[in-house]
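Here is the structure we will look at.
One-based numbering along the sequence shown.
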Amino acid sequence: MLEVITALKQAKWKEDRQRRARATRNIDFFDNNHYPYIEAGIESRFDNSSKYESGITPATFVKKYKRYDNLTEVIITEKSTLLKKPAKITITNSKGEELSETQQKAFQKILNDIDLDANLHETEKQTNLNRDTALLPQIVTVDGEQTIILDIITPDGAFVKQKDGNPTEAEEFYYSIGTDTDSPDTAKEVIIYNMWNDAGEKYELRIDDSTGVKADLVKLDNQIQYGYNPITMFRNYTPKQTFWNDKHNYTVDENLEIDLLKTAWNISRNMNIPMLVLRGYPEGQEVKSGWSFVTAIPADKDTGNQGDAGYINPNAPIETEAKLILSSKEQVASANKLSPSIFTSGEKFSSGYHAFISKQDLLEYTDTLRKHYTKSIKRLLKVICKTAEGIGIVFPEDIDFTIDYAEVSFIQSPEEKAKVRALKTQQGIWSAVQSLMDDNPDMDEKAAIKELERIQRLRKLEEVANPFEDESEEDDE
């Protein structure tokens with residue numbers, strides 16, 4: 001019975017390694033590290049038992065012309081719009097009342113120090129890539145001062161022990177922090193992991209990556225008493241019956257096929273050059289080439305046929321192959337709720353409204369993401385505030401947060417922007433302060449008010465007095 005359990009555990013570990021390998025592949029394609037996968041794809045498509053006259057195999061020949069397309073990077077970046085602009089986050093108590101000014105300033109400083117906006121946008125990209133991303137606040141010492149950082153944990157380096165009653169939740173969460181180079185058995189790849197459990201306890205251990213066998217489990221001192229697992233999951237879907245998304249990434253799969261198409265196109269492009277052909281030229285005689293050489297081709301002694309020289313053109317279907325590549329990329333864009341026009345640099349929209357219409361599917365997808373992300377962001381913020389106790393900052397236990405996501409905007413002409421602002425001002429939902437903040441993203445409300453007051457003072461100084469104003473008043477009297 002023990003042997004059966006061990007075999008089942010090893011089979012499950014092997015299956016989980018395959019999941020992590022797929023996640024690694026997705027990240028590699030997003031980071032434009034395609035070549036190892038292209039070469040493997042080329043090897044799988046050629047019979048290398050035969051060789052060319054030069055001695056190289058067909059696969060080796062094709063590899064010389066390998067090319068990649070940054071399709072995955074473009075798709076994921078275009079798709080990640082919800083947190084591209086910073087969301088406005090307000091901290092309150094459970095009654096919705098604002099905290100003291102001191103606590104609010106401390107909270108904003110922490111968010112700035114951990115670069116929350118940039119980390120959330122990167123998390124959105126990673127989640128659109130692998131569908132699961134974990135975030136963990138940690139205290140580190142920088143220049144002798146303790147500060148909070150935010151670790152983004154991607155699924156290529158993590159695994160979990162699922163809860164018995166709910167497999168979509170983790171009882172224990174493991175993530176790799178390095179490789180044990182001091183292992184006595186160099187044939188094994190031993191990876192060092194940290195593990196957090198439901199009680200908020202942190203451990204370090206070593207795992208043989210080939211078998212999943214654990215060793216050297218050590219409980220680490222943790223200055224924060226969370227009482228729960230401080231790792232927060234971000235997902236763009238609702239999990240069912242499993243913790244991790246285990247599906248292939250369609251965009252990455254298609255990216256590899258497009259890479260191979262682009263490689264074939266590159267071969268055609270390089271081979272599509274005119275070739276000199278000699279007819280009736282004596283065998284074994286050296287052929288001189290170059291601008292200043294003249295070659296005489298004598299008539300055939302037996303037939304009397306005159307020799308000939310000329311060029312032939314391979315006429316490789318370069319344009320047809322290029323159109324096929326573009327068409328494939330456009331299909332992937334449509335499948336990701338994006339406009340195919342992202343790959344057509346010449347296409348222009350006549351207005352911001354037309355751009356809005358072209359991205360309607362993406363906007364609907366973004367609205368769906370808000371439902372998934374809001375709960376995760378609020379939990380993350382609570383964990384950050386709890387972690388702050390480790391650097392001497394204490395927030396109330398009953399804190400809550402409001403999250404105001406920035407609206408997805410499109411490029412507008414100055415005329416369009418002015419008309420929209422004028423209409424909103426008439427409706428009482430826009431102000432000059434908002435215009436200043438909109439035109440200057442780094443300007444907060446306080447700075448915008450100060451700038452508006454400065455502008456108003458300048459305008460007052462520039463006003464020309466009416467020379468007849470006093471006389472008119474005297475006449476009225």
- Would you say the side chains of Lys109 and Gln104 form a donor-acceptor pair under 3.5 Å? no
- Item | Gap between atom OG1 of Thr123 and atom CG of Leu116 - 0.5 Å precision | 8.5 Å
- Which atom names give the shortest non-hydrogen contact between Ile391 and Thr147, and what distance separates them? CG2-N, 4.3 Å
- What heavy-atom pair brings Gln103 and Val394 nearest, and what distance separates the two atoms? NE2-O, 4.0 Å
- Item | Distance-only side-chain donor-acceptor flag, Asn32 / Glu73, under 3.5 Å | yes
- Task: Step by step, work out the ring-ring contact (aromatic ring centres under 6.0 Å, His included) result for Tyr68 and Tyr35.
- Result: CA-CA 7 Å; Tyr68 75 87; Tyr35 284 160; 5.8 Å; yes
- Query: Just checking, Lys79 and Tyr365: is the charged tip under 6.0 Å from the six-membered ring centre and within 45° of the axis?
  - Reply: yes
- Query: Between Asp216 and Arg206, is there a donor-acceptor pair closer than 3.5 Å when you use the side chain of the first and the backbone of the second?
  - Reply: no
- Would you confirm whether the ring centroid of Phe243 sits within less than 6.0 angstrom of the ring centroid of Phe159? no
- Do Asp28 and His34 come within less than 4.5 Å of each other through their side chains, counting heavy atoms only? no
- Do Asn128 and Ser80 have side-chain N/O donor and acceptor atoms under 3.5 Å apart? yes
- Message: Distance alone, cut at 3.5 Å: any donor-acceptor contact between the side chains of Ser268 and Glu321?
- Response: yes
- Within-4.5 Å side-chain heavy-atom neighbours: Ile449 and Leu436: no
- Are side-chain N/O atoms of Ser100 and Thr102 paired as donor and acceptor at under 3.5 Å? no
- Query: Between the side chains of Trp13 and Thr211, does any donor sit under 3.5 Å from an acceptor?
  - Reply: no
- Are Tyr37 and Phe29 close enough that their ring centres sit under 6.0 Å apart? yes
- Using modelled atom types only, decide if a donor and an acceptor are shared between the side chain of Asn112 and the backbone of Gln108 within a distance under 3.5 Å. yes
- Message: Between Arg17 (side chain only) and Asp209 (backbone N and O only), is there a donor and an acceptor less than 3.5 Å apart?
- Response: yes
- Item | Enclosure of Glu97 CD (heavy-atom neighbours >12, cutoff 6.0 Å) | yes
- Item | Side-chain H-bond candidate by donor/acceptor type, Tyr174 with Glu172, under 3.5 Å | yes
- Message: Tell me whether Lys105 at atom NZ has more than 12 heavy atoms from other residues, nucleotides or ligands lying less than 6.0 Å away.
- Response: no
- Looking only at side chains, do His372 and Asn236 share a donor and an acceptor under 3.5 Å apart? no
- Message: Do Lys329 and Ile325 have side chains that approach each other closer than 4.5 Å (heavy atoms only, starting at C-beta)?
- Response: yes
- Are Lys161 and Glu171 within salt-bridge range, i.e. N to O under 4.0 Å? yes
- Thinking salt bridges, do Arg22 and Asp156 make one under a 4.0 Å N-O criterion? no
- Just do the side-chain hydrogen bond (donor to acceptor under 3.5 Å, both in side chains) check on Thr387 and Tyr226 with the steps written out, would you? CA-CA 8 Å; Thr387 306; Tyr226 290 106; 2.7 Å; yes
- Message: I need the Thr263 OG1 to Lys66 NZ distance, nearest 0.5 Å.
- Response: 8.5 Å
- For the side chain of Tyr237 and the backbone of Asn245, is there at least one donor-acceptor N/O pair under 3.5 Å apart? yes
- Message: When you compare the side chains of Asp398 and Asn93, does any donor N or O come within less than 3.5 Å of an acceptor on the partner?
- Response: no
- Item | Residues Tyr405 and Thr374: side-chain donor-acceptor under 3.5 angstrom | yes
- Asn249 versus Asp253, side-chain donor and acceptor atoms under 3.5 Å: no
- Item | Spatial distance of atom OG (Ser328) from atom CD (Glu254) [nearest 0.5 Å] | 7.0 Å
- Query: Between the side chains of Asn336 and Tyr250, does any donor sit under 3.5 Å from an acceptor?
  - Reply: no
- Note on the structure: Distance col, row Gln331:CD vs Leu326:CG, nearest 0.5 angstrom, shows 10.0 Å
- Task: Please examine the side chains of Leu362 and Thr81, heavy atoms only from C-beta on, and report whether any two atoms are closer than 4.5 Å.
- Result: yes
- Item | Closest non-hydrogen atom pair, Asp198 against Ala170 | OD1-O, 3.4 Å
- Query: Can you tell me if Asn255 and Thr72 form a side-chain donor-acceptor pair at under 3.5 Å?
  - Reply: yes
- Message: Please determine whether the number of non-hydrogen atoms from other residues, nucleotides or ligands lying under 6.0 Å from atom CG of Asp164 exceeds 12.
- Response: no
- Taking the side chain from Asp208 and the backbone from Gly212, do they hold a donor-acceptor pair closer than 3.5 Å? no
- Task: Might you work through the side-chain hydrogen bond (donor to acceptor under 3.5 Å, both in side chains) test for Thr133 and Thr127, ending with a clear yes or no?
- Result: CA-CA 6 Å; Thr133 311; Thr127 306; 3.0 Å; yes
- Student check: side-chain heavy atoms of Leu369 and Glu124 closer than 4.5 Å: yes
